[in-house]
K.L.:
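I am attaching a structure below and will ask some questions about it afterwards.
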Protein chains: 2
Amino acid sequence: MKSKDRLPDKKSKVTVREVALLAQVSETTVSRIMRKEGSVANETRERVMNAVRELGYVPNRLAGSLASLNTNLVGVLVPSLQNIVFPEVLRGIQAGLSGSHMQAVTSVTDYDFATEESMVRGLLAWNPAAVLVTGLNHNEATSRMLRQSSGRVVEMMEVDSEPIDVAVGMFHRSAGYETARYLLQKGYRHFGYVAHDIGPDRRARLRHEGMAQALSEAGLGFIAESRAETPSSIGIGKVMTARLLERAPDVKVAIYSNDDMAVGGVFHCMEAGLSIGSDLSIFGFNGLEIGRHLPQPLSTMRSNRFLIGKTAIEQILQSPERPAEPVRIDTGFEIVEGATA
Amino acid sequence: MKSKDRLPDKKSKVTVREVALLAQVSETTVSRIMRKEGSVANETRERVMNAVRELGYVPNRLAGSLASLNTNLVGVLVPSLQNIVFPEVLRGIQAGLSGSHMQAVTSVTDYDFATEESMVRGLLAWNPAAVLVTGLNHNEATSRMLRQSSGRVVEMMEVDSEPIDVAVGMFHRSAGYETARYLLQKGYRHFGYVAHDIGPDRRARLRHEGMAQALSEAGLGFIAESRAETPSSIGIGKVMTARLLERAPDVKVAIYSNDDMAVGGVFHCMEAGLSIGSDLSIFGFNGLEIGRHLPQPLSTMRSNRFLIGKTAIEQILQSPERPAEPVRIDTGFEIVEGATA
DNA sequence: CTGTTAGCGCTTTCAG
DNA sequence: CTGAAAGCGCTAACAG
């Protein structure tokens, strides 16, 4: 053993008690100093801080939070980390959190309501200051727990229906509607739809509904739809595009459930020797970085994912209390005019 | 108010006490039942569970963990969520965790040692059963805290040097070396290097060292290097590739710091009308999904990110105690033979 | 500016 | 199989 014997013993835990003893003050004073709250004589503070350093004291938040009846925890539930969308929401959350003393606890539901329920239960057990969940749909038990929980509840990504406390996101139905309107105005008449498994993805379904409505108002509809039974990926986007064109070779523009799928469509066309924009036009959803850098920039609809995460945190930082009426914050969406549609 | 008055009052918190009172048993018994530990009469158990349901009781883990002196928390620290690499590690972690009763608390360091230090301090305050950090390099204070902490410590991603407790990952130096060897064997002699800002990215630096060594052993070296001062992205990969070729038009193969950068290189070539594989060959690192689906599949080196996360969790689940000697677990790497090099 | 006194809600012996 | 008592480590009043 080469370590100096003066190092704190790893066995014996150091608590406020040890620090107080060493610094010759009360535990309260130590606590006050650690929390940077109340006023303390400079001389005392230094004595205590020296003891803290000497002992390598780290306050136990379990005890602190239990005593003060409030944690600095924010529980976060996202459905997936498979594509870059939710990591970007998480980045927004981290950005919003930085500077605050809050800490995020993240779990992944895999788009499954039962999993969501057990994770919400697990999160609430920590008495978080807030819980951020994805979407406005949950099962009965989850909704009840969230409604009854003492902290704030933010439902992220969509504002299409009424939230429990506050919702931050966009209107997916409108996004779908505007997508179809945009393409109709560009003169397209032969529409196809390519999607991942949107069964568990209510927001993708809402967008599809909006598109269908706009088309129907124009006396049109999708000539063909090609839906996978797996989560979205570039690979499955390629496969589903091939399938769409086999089934309906006269499709002139394909709307995709999201950018990952759309990029797959772009790659399919490149390989099949199809000219994108004339043989087949492509429109995505999300506005991911990759779309901007494709040889022909992807036409798509930007969702403001980072902003959603950041705004969600700003909301809960603003007030520890729920508003009298549920609030919806629309982070909007914009058409990204690319070269593929 | 349309809610039934029989619903539990949202104001008054329910604790073991309330449940015990309603079920006519002691708090101890309630606690035992909630923890599924020790033996209880079936009749009693049912009475208690009914009370639990009626009151909507959720045990407070803060109190529980404080009393039992151990949490089911796993603290996780990753440097970034910008590209899909670390989300995939997190997926592995979640996968390893599912079925266990552990919960992950994740934070992002932004490749900054000082940030890492404060986050490690913040995590340790929750008395986690384990902490998973990225990489084997930390600042002095962080290393000390990790060494002295009571739980397990896993250092993820690399095994190039000696860990504190257990390291799970690959040898990045060897990966770089093998990359260059592979390309040398294919007959390449004019090498270029394209990178993001690898200052804070020790693993990318190790790979670069490995490449340089292999080249030097062959009496060669990089003709030109093009390094950005920003994090990796497809966009910056494009820009840096253009810059490399301006500076050194005779480069025949470019090795990239990772796949994001390499995909940018591919897109640059497509736009510039360069034939990939003959005008310029491209080699990445990571083996991301997108590379497999490019019109010409990307030649790259697969890192097993999901496996790293999953293995890290398996290690800490295996034993709550640190091994006598630090352990390194090599998750390996493999050349992915694509069409770009 | 500092200390005293009570808990926070749960788990843990240890008896019965 | 069940309960009583004694904390876990910290913070919140309230005095002084």
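Letters go in sequence order (proteins before strands), and every chain restarts at 1. What you see is a predicted model; the values in this text were computed from it and never measured.
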K.L.:
Could you grab the distance from atom CG of A:Leu146 to atom CD of A:Glu116, nearest 0.5 Å is fine?
P.N.:
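Going from CG on A:Leu146 over to CD on A:Glu116, the span is 7.5 Å.
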K.L.:
May I have the step-by-step check of side-chain contact (heavy atoms from CB on, under 4.5 Å) for A:Lys13 and A:Asn60, ending in yes or no?
P.N.:
CA-CA 10 Å; A:Lys13 54 203 130 303; A:Asn60 183 333; over 6 Å; no
K.L.:
Looking only at side-chain N and O atoms, does A:Thr29 offer a donor or acceptor that is under 3.5 Å from a partner on A:Arg47?
P.N.:
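Checked: A:Arg47/A:Thr29 side chains show no N/O donor-acceptor pair below 3.5 Å.
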K.L.:
Using a 6.0 Å cut-off, check whether atom CD of B:Glu46 has over 12 heavy atoms from anything other than its own residue.
P.N.:
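Open: at most 12 neighbouring heavy atoms sit under 6.0 Å from CD of B:Glu46.
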K.L.:
Which residues, if any, of residues 61-71 of chain B bring a heavy atom under 4.0 Å of DNA chain C?
P.N.:
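Residues of residues 61-71 of chain B that come under 4.0 Å of DNA chain C are, in numerical order, B:Ala63, B:Gly64, B:Ala67, B:Ser68.
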K.L.:
Got a sec: does the CZ of A:Arg17 have more than 12 other heavy atoms crowding it under 6.0 Å?
P.N.:
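Counting neighbours around CZ of A:Arg17, 12 or fewer heavy atoms of other residues, nucleotides or ligands fall under 6.0 Å, so no.
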K.L.:
Calculate the interatomic distance between B:Trp126 atom CH2 and D:dG9 atom C1'; express it in whole Å.
P.N.:
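Rounded to whole Å, this separation is 13 Å.
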K.L.:
Checking A:Thr28 against A:Ser31 for the side-chain hydrogen bond (donor to acceptor under 3.5 Å, both in side chains) test, could you report, in this order, the C-alpha distance in whole Å, the side-chain angles of both residues, the deciding distance, and whether it holds?
P.N.:
CA-CA 5 Å; A:Thr28 316; A:Ser31 169; over 6 Å; no
K.L.:
Can you pull the contact range of chain A along DNA chain C, 5' to 3', using atoms under 4.0 angstrom from its heavy atoms?
P.N.:
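So the contact region on DNA chain C extends C:dC1 to C:dG9.
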K.L.:
How about A:Arg322 and A:Ser149: does a side-chain donor come under 3.5 Å of a side-chain acceptor?
P.N.:
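Result is yes, a qualifying pair exists.
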K.L.:
Do any of residues 20-45 of chain B sit with a heavy atom less than 4.0 Å from DNA chain C, and if so which?
P.N.:
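B:Thr28, B:Ser31, B:Arg35 - these, ordered by number, are the residues of the stretch whose heavy atoms sit under 4.0 Å from the strand.
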K.L.:
Does any donor atom in the side chain of B:Ser161 or B:Arg202 lie under 3.5 Å from an acceptor atom in the other side chain?
P.N.:
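Checked: B:Ser161/B:Arg202 side chains pair up, N/O donor to acceptor below 3.5 Å.
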K.L.:
Rounded to the nearest 0.5 Å, how far does CD1 of B:Ile93 lie from CD1 of B:Ile308?
P.N.:
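So the gap between those two atoms works out to 10.0 Å.
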K.L.:
Would you please say whether a donor-acceptor pair under 3.5 Å links the side chains of B:Glu18 and B:Thr15?
P.N.:
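Distance-only check passes for B:Glu18 and B:Thr15.
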